[in-house]
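Note sheet for the following structure.
By convention in this document, chain letters (A, B, ...) are assigned in the order of the sequence lines, proteins followed by strands, and residues within each chain are numbered from 1. From a predicted model like this one, the values you see are computed outputs, not experimental measurements.
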Amino acid sequence: MINLTNHSIEEKWQKKWAESQLFESNPDKREKIFLTVAYPYPSGAMHIGHGRTYTVPDVYARFKRMQGYNVLFPMGWHVTGAPVIGIAKRIARKDQWTLDIYKNVHKVREEELSKFTDPEYIVKYFSSEYHEVMQHLGYSIDWRREFRTTDLHYQKFIEWQFRQLKSKGFVGKGEHPVKYCPGCENPVGDHDLLDGEGVGINELTLVKFEINSDYFVAATFRPETLFGATNLWINPEEEYIKVHINNENWIISKKAYNNIVHQKKDIKVIDEVNALEMIGKYVKNPVTGEEHIILPASFVDPEYASGVVYSVPAHAPADYIALNDLKKDEKLLEKHDLKEKVLEIQPINVVTLKGFGKFPAEEIIEKFGVKNQKDDKLKDATNELYKLEHAKGIMSEHIKDYKDLSVQKARDEIIADLLESGKGDLMHDFTERPVICRCGTKAVVKILEDQWFLKYSNEQWKELAMDCLGQENIVPPEVRANFEYYIDWLDDWACSRRIGLGTKLPWDKQWLIEPLSDSTIYMAYYAIAKYMKDIDPADLNDSFFDDVYLDEGKYSGGIGGELFDSIKNEFNYWYPLNWRLSAKDLVGNHLSFHIFHHSAIFPQKKWPKGIVVFGMGLLEGNKMSSSKGNVILLEDAIKTHGADVVRLFLMASAEPWQDFDWRENEVKGIKRRLEWFSEFAGRIEEIKDSSLSLKSFKLGKIKKPVNKWLLSQVNMRIKDATEALEGFQTRKALQEALFLFKKDIDHYFYRIEHENEAREEISNTLIYVLSNWTRLMAPFTPHTCEEMWSKIDGEGFVSSAPWPEYDPDLIDEKVQKAEEIVQGLASDINEIKKIIDTQPEKIHIYIAPDWKWDVFKIAKEIGRPDIGQIMGISIKQNLHDDKKEIAEFAKKIAREVTKTKYVGKIDEYSIIKDSLDFISHEVRAEVIVYEEPTYDPQNKSRNAMPYKPAIYIE
RNA sequence: GCAGGGAUGGUCGAGCGGUCAAAGGCGCUAGGUUGAGGGCCUAGUGGGGUAGUCCCUUCGCGGGUUCGAAUCCCGUUCCCUGCACCA
């Protein structure tokens with residue numbers, strides 16, 4: 001047995017692999033496979049969740065290598081991006097929470113932690129840690145190609161990539177809303193927030209209601225309801241102001257100005273407005289031309305949007321109830337002298353909604369039991385109605401320009417119309433509040449101007465991307481629909497950033513290239529990365545990349561011709577990429593970008609060939625999360641369980657695209673299974689009574705059914721495991737190659753326990769099994785398998801041994817069925833024994849006569865439980881004299897036959913005869929099998945059926 | 001709301017027209033092995049019945065197609081994931 005937590009064995013093989021340069025892949029005559037997995041963003045320690053991500057490609061790479069392919073599996077470090085900047089700042093600020101996480105979860109030593117005020121240091125620290133852990137796990141990575149995305153060479157590559165995209169017209173300039181902290185004067189990401197994580201940004205429509213050549217500007221999510229407006233709402237307890245913008249004066253709340261000022265150019269405050277005085281005045285509806293009164297409402301949030309709302313009591317529960325509240329509020333009405341004007345306001349229907357009357361707002365308020373405008377249930381009622389009308393609403397008959405349109409469609413058209421006619425505008429606000437920066441300042445939505453975009457909205461580009469996707473293999477196939485959806489849906493993507501590490505936009509150096517955009521075609525960089533250490537970045541001009549990657553133009557620069565040629569050859573050998581592996585949640589951006597960028601830059605023959613998508617990791621049923629401390633570090637897991645156990649568990653507990661759950665208990669189970677496997681050779685030696693060697697081993701002729709059975713099983717497992725691995729189904733492959741296989745072998749050992757003859761045939765069978773099994777397991781547990789392989793004199797490394805190929809001639813359904821018959825017979829006898837509750841001395845077994853086999857075959861060919869037809873054909877063929885018996889039998893098997901797998905006639909007599917020792921032992925009695933029922937006092941033999949011999953116990 | 005995926009026995013999870021009372025793991029029960037324990041091996045793990053290989057109920061819920069459905073179709077309820085500037 002191999003001690004799995006004896007790390008010297010792991011180290012020994014890792015060292016030998018490195019010394020023999022086994023995984024350093026160079027172009028040669030063989031067929032190649034190039035696979036990459038998303039390079040990590042090393043802002044923390046590597047935990048078991050990451051472990052699965054990187055073990056899958058390693059297993060596949062090892063598998064393909066054994067199949068004879070030239071496999072390239074490289075690794076790099078994605079250190080561009082903003083998060084580490086925030087982390088470094090927080091460490092510098094001695095933020096306790098951050099310090100705790102890094103000390104206790106990421107297990108960074110005190111003296112190292114003090115250097116973490118430098119973001120570059122953080123990524124360097126963790127990328128070397130990742131590197132080490134990956135080596136400890138025995139990954140078959142070609143480390144000569146390792147790089148960081150801040151390397152000067154890489155930056156040259158990215159600059160080229162972006163100039164390419166720009167020259168093709170796929171990069172454009174525009175504006176874009178972001179979360180922004182006025183205090184820090186910087187855009188903020190989720191990790192920079194104290195509160196408001198995951199909050200989105202909504203677009204609202206601004207509608208201009210004229211009053212004395214100025215405009216009250218109301219914000220709405222539902223501009224299609226403008227036709228049902230009855231009045232305007234403002235909050236009389238808040239301050240309102242007049243601002244000047246685009247030669248217009250807008251009236252909005254003072255607090256709203258603090259947001260809008262970040263979104264509109266050339267906007268300035270020109271006057272204060274007395275809100276109370278405005279109450280009772282009239283504004284003009286820009287689409288209907290009607291006059292609406294301005295009324296007071298406490299529900300109007302002065303901080304949200306513009307602080308002005310127009311009222312649609314027919315469809316907005318808040319408006320409806322605020323109007324009712326006001327109608328009842330004698331004091332307030334009196335105060336503003338509004339009584340008559342308010343009482344005459346009636347809701348106006350705009351949207352027709354099946355199942356509702358003219359005023360759905362009224363109905364939904366009753367349904368939810370909302371009491372007044374301060375009731376919490378108001379929000380639920382509003383959401384409910386909003387959803388219903390959005391999904392199923394139709395514009396009513398009397399809305400002349402938009403009638404019969406769906407609400408969704410009408411809304412889009414109205415927004416476009418308002419913008420075009422200058423009667424409306426757009427603004428943004430958060431979906432939820434509050435959103436607070438870690439510095440304590442309230443964040444706002446800011447429109448960044450001069451922002452650069454990747455124009456994923458470009459139709460030609462989308463088409464290219466679709467074409468590229470169309471020729472790729474997607475694993476699992478269900479996510480293809482996802483890709484199609486996202487490629488269609490993706491809009492322009494802001495690809496420039498103000499803060500973070502990364503490459504500067506080559507033509508506009510104030511911007512950094514955003515990290516999801518500088519990691520889309522870097523697989524092409526791996527192909528050339530191993531040459532970079534001897535190359536001056538200055539020699540990597542655009543002509544270099546044009547020539548190497550696109551075979552366009554001619555390189556002019558300092559790199560020598562011979563060297564240049566091998567770089568170019570190397571790329572053309574490895575590209576296109578065969579497999580790209582990444583996480584499920586990146587389908588909508590990173591992986592789609594990968595497709596977009598390849599299709600834009602590379603000719604079709606260099607387009608990627610396949611994508612594999614990963615699920616998430618759970619820890620004892622809970623989501624793994626470094627920030628919550630709910631992780632196990634890989635390094636720790638390796639120390640306690642051993643590298644192979646960790647690998648095995650990660651591969652066996654779920655398919656790559658499913659979520660896996662790290663349960664300590666099950667990990668221990670896996671460990672025992674692997675120990676069992678590593679003991680296997682020892683058990684064979686015990687049986688053989690001498691040491692094993694694969695040198696000069698030959699299987700020889702196998703005669704015994706049980707040995708044939710095992711050979712059949714082995715070959716079936718090889719076949720199934722290989723097919724599973726071809727499709728990245730590591731779990732299924734291991735079910736076959738380890739768990740079910742182990743059951744076969746348990747069964748086999750149990751079966752031959754009382755076998756004293758044919759020891760040589762048995763040990764030969766077992767050595768055959770061992771040789772195949774060790775190779776079958778090698779991609780999963782390479783250290784254990786190398787150790788076993790060397791102990792049995794396998795040739796070279798098992799890592800480069802030929803992958804076992806199944807022998808179709810050895811997979812024999814009849815042999816498998818025969819074993820089933822023996823098993824079934826023993827358990828049937830035991831069942832009957834239990835029922836009659838005696839300890840018999842003799843058991844007689846009768847097999848089905850030939851005519852029953854014939855009838856059975858006929859029944860099988862008919863395929864349906866049609867007794868008449870079975871009998872008809874059987875009688876016509878004159879299979880048996882006694883028609884009554886045929887009838888009886890036909891009736892019995894009619895239904896049975898649809899449930900039984902028919903593999904042809906089996907010589908049951910010799911099968912059972914060969915297994916008499918085993919059956920006798922199982923049933924603890926003497927067993928006699930008859931070819932003909934020469935002794936059958938109770939006429940039990942008539943019960944015999946194909947695959948089900950009859951039994952008589954006495 | 002939009003898109004995608006899912007609901008299987010105590011639990012995790014295969015199966016995706018007949019070989020399905022439904023693989024395998026874990027858990028539980030019994031037996032064997034062991035100095036005890038662990039481990040390992042064997043058997044059982046929805047209910048009932050019988051000299052037998054059978055019957056009944058079950059794969060979210062309700063219908064349907066079929067000689068036959070966990071598997072196909074329709075409806076319905078519930079759950080998970082993503083929806084962007086975050087790697």
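With both ends at atom P, the span from B:rG32 to B:rG37 equals 12 Å, rounded to whole Å. Here the separation of B:rU53 from B:rU58, taken at their C1' atoms, is 22 Å to the nearest Å. B:rC86 and B:rC79 have their C1' atoms separated by 26 Å, with the value rounded to a whole Å. A distance of about 27 Å separates the P atoms of B:rG5 and B:rG63, rounded to the whole Å. Spacing between B:rU65 and B:rA3 at atom P, rounded to whole Å, works out to 30 Å. Annotation: B:rC61 and B:rU11 have their C1' atoms spaced 23 Å apart (nearest Å). Taking the P atoms as reference points, B:rG18 lies 24 Å from B:rG25, given to the whole Å. Only the P atoms considered, B:rU29 is 39 Å distant from B:rC78, to the nearest whole Å.
Between A:Y456 and A:F596, the distance from one ring center to the other falls under 6.0 angstrom. Between A:Y130 and A:H50, the ring center distance clears the sub-6.0 Å criterion.
Within 4.0 Å (heavy atoms only), A:K668 reaches no atom of the nucleic acid at all. Residue contacts shown for A:S519 are absent, as no nucleic acid heavy atom lies under 4.0 Å away. Nucleic acid contact for A:A652: none, since no nucleic acid atom lies under 4.0 Å from a heavy atom of the residue. A:H590 comes within 4.0 angstrom of nothing in the nucleic acid, heavy atoms only. Using a 4.0 Å heavy-atom criterion, one finds that A:D746 contacts the sugar-phosphate atoms exclusively. When heavy atoms are screened at a 4.0 angstrom cut-off, A:I951 is found touching base atoms of the nucleic acid.
At least one side-chain heavy atom of A:L591 sits less than 4.5 Å from a side-chain heavy atom of A:R580. Inter-residue side-chain proximity for A:P40 and A:W77 is flagged as met; some heavy-atom pair is nearer than 4.5 Å.
For the pair A:K584 and A:W657, the NZ or CZ position fails the cation-pi test of under 6.0 Å to the six-membered ring centre and within 45 degrees of the ring normal. Both tests do not hold together for A:K173 against A:F453: distance to the six-membered ring centre under 6.0 Å, angle to the ring axis within 45°. A cation-pi contact links A:R498 to A:W511, judged by a cut-off of 6.0 Å to the six-membered ring centre and 45° from its axis. Remark: A:R717 is not positioned above the aromatic ring of A:F741, lacking an NZ or CZ atom under 6.0 angstrom from the ring centre and at most 45 degrees off the axis.
Note: CG (A:D744) to P (B:rU42) measures 11 Å, nearest angstrom. Spacing between atom CD of A:E484 and atom C1' of B:rG5 amounts to 16 Å, rounded to whole angstrom units. Whole-Å rounding puts the A:M616 CE to B:rA87 C1' distance at 12 Å. Spacing between atom CD of A:E514 and atom C1' of B:rC85 amounts to 6 Å, rounded to whole angstrom units. The separation between A:Y39 atom OH and B:rA87 atom C1' is 11 Å, rounded to whole Å. In this structure, A:R480 places its CZ atom 20 Å from P of B:rA3, rounding to the nearest Å. The distance from atom CZ of A:R411 to atom P of B:rG1 is 14 Å, rounded to the nearest whole Å. A:I745 has its CD1 atom 16 Å from the P atom of B:rC40, to the nearest Å.
No side-chain donor-acceptor contact under 3.5 Å links A:H594 and A:S592.
Of the candidates B:rG52, B:rA87, B:rA23, B:rA23 carries the atom nearest the A:L740 side chain, counting heavy atoms from C-beta on. Side chain of A:Y952, nearest nucleotide from B:rG52, B:rA87, B:rA51: B:rA51. With B:rC41, B:rG24, B:rA87 as the choices, the nucleotide that has an atom nearest any side-chain atom of A:R731 turns out to be B:rG24.
Each of A:N482 and A:A950 has a nearest nucleotide on RNA chain B; the 5'-most of these lies closest to A:N482. In this structure, A:R497 and A:Q729 both approach RNA chain B, and ranking their closest nucleotides by distance from the 5' end singles out A:Q729.
A distance of 8.5 Å separates CD in A:E655 from CD in A:Q735, rounded to the nearest 0.5 Å. Once rounded to the nearest 0.5 Å, the distance linking CD1 of A:I906 with CD1 of A:I912 reads 10.0 Å.
The phosphate of B:rC85 (OP1 or OP2) has no side-chain N or O of A:K446 nearer than 4.0 angstrom.
Checked for salt-bridge contact, A:D812 and A:K814 miss the test: no charged N lies under 4.0 Å from a carboxylate O. The pair A:K732-A:E723 fails the salt-bridge criterion, with no side-chain N (NZ, NE, NH1 or NH2) lying under 4.0 Å from an Asp/Glu carboxylate O.
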inquiry  = Generate the contact string for nucleotides 25-31 of chain B. Rules: B means base contact, S means sugar-phosphate contact only, - means no protein heavy atom under 4.0 Å.
reply    = BS-----
note = Scoring nucleotides 78-84 of chain B by protein non-hydrogen atoms under 4.0 Å (B base, S sugar-phosphate only, - none) yields ----SSB
query = Can you list the steps and then say if A:S519 with A:H590 is a side-chain hydrogen bond (donor to acceptor under 3.5 Å, both in side chains)?
reply = CA-CA 8 Å; A:S519 51; A:H590 214 170; 2.6 Å; yes
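Looking at RNA chain B, the stems built from 3 or more consecutive Watson-Crick or G-U wobble pairs, each pair with its key distances under 3.5 Å, are B:1-7 with B:77-83, B:10-12 with B:24-26, B:27-33 with B:39-45, B:46-48 with B:54-56, B:60-64 with B:72-76.
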